[in-house]
Protein chains: 2
Amino acid sequence: MAAKRQTRAPVFAALGDETRLALVAKLCGGRPCSISQLTRGSKLTRQAITKHLRVLESAGVVHSIRMGRESRFEFDPQPLEGIRKYLDFVSEQWDQALSRLTSFVED
Amino acid sequence: MAAKRQTRAPVFAALGDETRLALVAKLCGGRPCSISQLTRGSKLTRQAITKHLRVLESAGVVHSIRMGRESRFEFDPQPLEGIRKYLDFVSEQWDQALSRLTSFVED
DNA sequence: CTAATATGCAACCTGGAGGTTGCTTAAGAT
DNA sequence: ATCTTAAGCAACCTCCAGGTTGCATATTAG
């Protein structure tokens, strides 16, 4: 549990940027995209986008496959499920705290 | 939707740090804590913890109430629900993409 | 073969994140 | 009244995230 927590912060951090959220939103549509494709429509440089993609890749949110002269990036859902579990945990803790408070007041 | 997306990245970013994840884990237990209480058990300075708390507060994950000479921090669940919605959206997009791929292969 | 496209690599810049120390002020405790 | 504990404020430091430009390399198109 503590070990798992150490692996969640980087995933959250990877999503803590508007540009990267936009990339994830595009890639979770299913069709793998090259760097150039992902750069079109953004005001940033190709290298900036590349760096963002590497951050997402390090967090495991995305992976790349070299296809000829282009490298295609594809979405990877596992890490997102991981942090969803964490949110579930927090939510549950909170709900239990609220119930305890309620039953205490009712005494 | 685009407006809402602009407000999610800061929440993800606020959770993108081990120290802050630990603070959230403590506070979601229900009982509000003072800065000194939250500092005990951490290897960091009180000021460092304070800064982290302010980050969480700016993201809306937490709020503080001044009680006498101490300021108590309490968990706030709404922003977390917000990013959970985002994860649901991404997940759904991905699942739909998988179904489309499957039905295409089956043709 | 040559031109164009897609990417990689490296240097460089700037700002802010994360952390510390030192000092001040407010509020309880004795 | 005094001591102690809680917190705020500000200056300062270091390091890395995010972005750019410039150049080199691989692959596809004509």
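Just so it is clear: chains get the letters A, B, ... in the order the sequence lines come, proteins before strands, and each one is counted from 1. Small disclaimer: the values here were computed from a predicted structure and weren't measured.
At whole-Å resolution of the value, NZ in B/Lys43 and P in C/dG19 are 13 Å apart. Counting to the nearest Å, the P atom of C/dG8 and the CG atom of A/Leu53 are 10 Å from each other. In this structure, B/Arg54 places its CZ atom 12 Å from C1' of D/dC9, rounding to the nearest Å. Rounding to whole angstrom units, CD of residue A/Glu70 and C1' of C/dG8 are separated by 15 Å. Atom CD1 in A/Ile49 sits roughly 14 Å away from atom P in C/dG8 (whole-Å rounding). Computed from coordinates, the B/His52 NE2 to D/dG8 P distance equals 16 Å when rounded to whole Å. A straight line from NZ of A/Lys51 to P of C/dA11 spans 12 Å, rounded to a whole angstrom. Spacing between atom CE of B/Met67 and atom P of D/dT5 amounts to 20 Å, rounded to whole angstrom units.
Summary of the strand contacts: B/Arg40 and A/Gly68 both lie near DNA chain D, and taking for each the nucleotide with the nearest heavy atom, the more 5' one is attributed to B/Arg40.
In terms of heavy-atom proximity, B/Ala14 sits nearest to B/Ala59 at CB-CB, 3.6 Å.
Among D/dG18, C/dT20, C/dT7, the nucleotide with an atom closest to any side-chain atom of A/Arg20 is D/dG18. Comparing D/dA7, C/dT7, C/dG18 by their nearest atom to the side chain of B/Val55 picks out C/dG18.
Between the side chain of A/Thr45 and the backbone N or O of A/Ala48 there is no donor-acceptor pair closer than 3.5 Å.
For A/Gln47 against D/dG18, a side-chain-to-base donor-acceptor contact under 3.5 Å is absent. The base of C/dT7 lies outside donor-acceptor range of the side chain of A/Arg69, with no N or O pair under 3.5 Å.
In this model, the phosphate group of C/dT7 is approached by a side-chain N or O of A/Ser34 to a distance below 4.0 Å at OP1 or OP2. Between A/Thr19 and D/dG18 there is no side-chain N or O to OP1 or OP2 distance below 4.0 Å.
Between A/Leu27 and A/Leu38 there is a side-chain heavy-atom pair separated by less than 4.5 Å. Taking the side chain as every heavy atom from C-beta outward, A/Tyr86 and A/Val11 never approach each other to under 4.5 Å.
Residue-level contact check: B/Thr45 touches the bases, meaning some heavy atom is under 4.0 Å from a base atom. Counting any heavy atom pair closer than 4.0 Å across all strands shown, A/Arg46 reaches a base atom. The residue B/Arg72 sits apart from the nucleic acid: no heavy atom pair falls under 4.0 Å.
Ring geometry, A/Trp94 versus B/Phe75: the interplanar angle exceeds 60°, so the pair is classed perpendicular (tilted spans 30 to 60°).
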